[in-house]
Amino acid sequence: MAYWLFKSEPSTWGWADQQAKGEAGEEWDGVRNYQARNFMREMKLGDHGFFYHSQTEKAVVGVVEVIAEAHPDSSTDDDRWDCVDIKAVRPVKTPVTLDMIKADGRLDNMILVRNSRLSVQPVADAEWQIICGLAGIDP
DNA sequence: GCCAACGTTGGC
DNA sequence: GCCAACGTTGGC
């Protein structure tokens, strides 16, 4: 299974919104960046990801699961853009802040640190384990 | 609220 | 196909 990270501004679409959708989940639409789109096209059913709040909070706040592989983004007629559907799996016990991630030398190569603007990004297995540890949840 | 980084667009 | 201009994102 591959691991990913989904970034969102909590004022636009936050963890609470995602949880409210329950098992039905929701399209991760609105992505207008080729790199991010390409990562979504690589996602497989059942892959897991972190839900990250940008801007005010800057922390990993939950775990999500891919429940539909890439399909056309219904928020646009432009057929260049695809997206996946994800559902909330569980919240973290302890939010893992960007500061914590930056302070941990093992996470220096995370895209989150290297390229803060990419909104959908892969997470390495080792990084997943480490962040789950910091978050107080089982990988 | 500012600014740096980066991606996209459009003119040539 | 290049590159300048512009818009957007996100950290600080």
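Residue numbering restarts at 1 for every chain, and letters A, B, ... go by the order of the sequence lines.
- No chain of hydrophobic side-chain contacts below 4.5 Å, direct or via other Ile, Leu, Val, Met, Phe, Trp or Tyr residues, connects A/L118 to A/Y3.
- Across all non-hydrogen atoms, the minimal contact from A/D138 to A/R90 is O-NH2, 2.5 Å.
- With hydrogens and angles left out, the side-chain atoms of A/S75 and A/D73 include a donor and acceptor closer than 3.5 Å.
- Backbone-only contact: A/L98 has heavy atoms under 4.0 Å from sugar-phosphate atoms and none from a base.
- Atom CD1 of residue A/I111 and atom CZ of residue A/R117 lie 15.0 Å apart, to the nearest 0.5 angstrom.
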Report task. Verify side-chain hydrogen bond (donor to acceptor under 3.5 Å, both in side chains) between A/E27 and A/S74, making sure each step is shown before the conclusion. Result -> CA-CA 8 Å; A/E27 272 193 6; A/S74 70; 2.9 Å; yes

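- Inter-residue side-chain proximity for A/L134 and A/T94 is flagged as unmet; no heavy-atom pair is nearer than 4.5 Å.
- Nucleotides of DNA chain B nearest to A/Q55 and A/N33 differ in position, and the one nearer the 5' end is that of A/Q55.
- At its two ends the helix from B/dG1-C/dC12 to B/dC12-C/dG1 runs along axes set 10° apart, each axis drawn from five pairs and the angle rounded to 10°.
- Residues of residues 102-110 of chain A that place a heavy atom closer than 4.0 Å to DNA chain B do not occur.
- Of the inter-residue distances, the one linking A/D47 atom CG with A/M1 atom CE reads 7.0 Å to the nearest 0.5 angstrom.
- Tracing side-chain contacts under 4.5 Å through hydrophobic residues (I, L, V, M, F, W, Y), one never reaches A/V31 starting from A/Y52; they form parts of separate clusters.
- Note that CH2 of A/W4 and CD of A/Q121 are 10.5 Å apart. Values are rounded to the nearest 0.5 Å.
- Note on A/F6: it does not cluster hydrophobically with A/I137, by side-chain heavy-atom contacts below 4.5 Å among ILVMFWY residues.
- Chain A approaches DNA chain C within less than 4.0 angstrom (heavy atoms of the protein), and the contacting nucleotides run 5' to 3' from C/dG7 to C/dC12.
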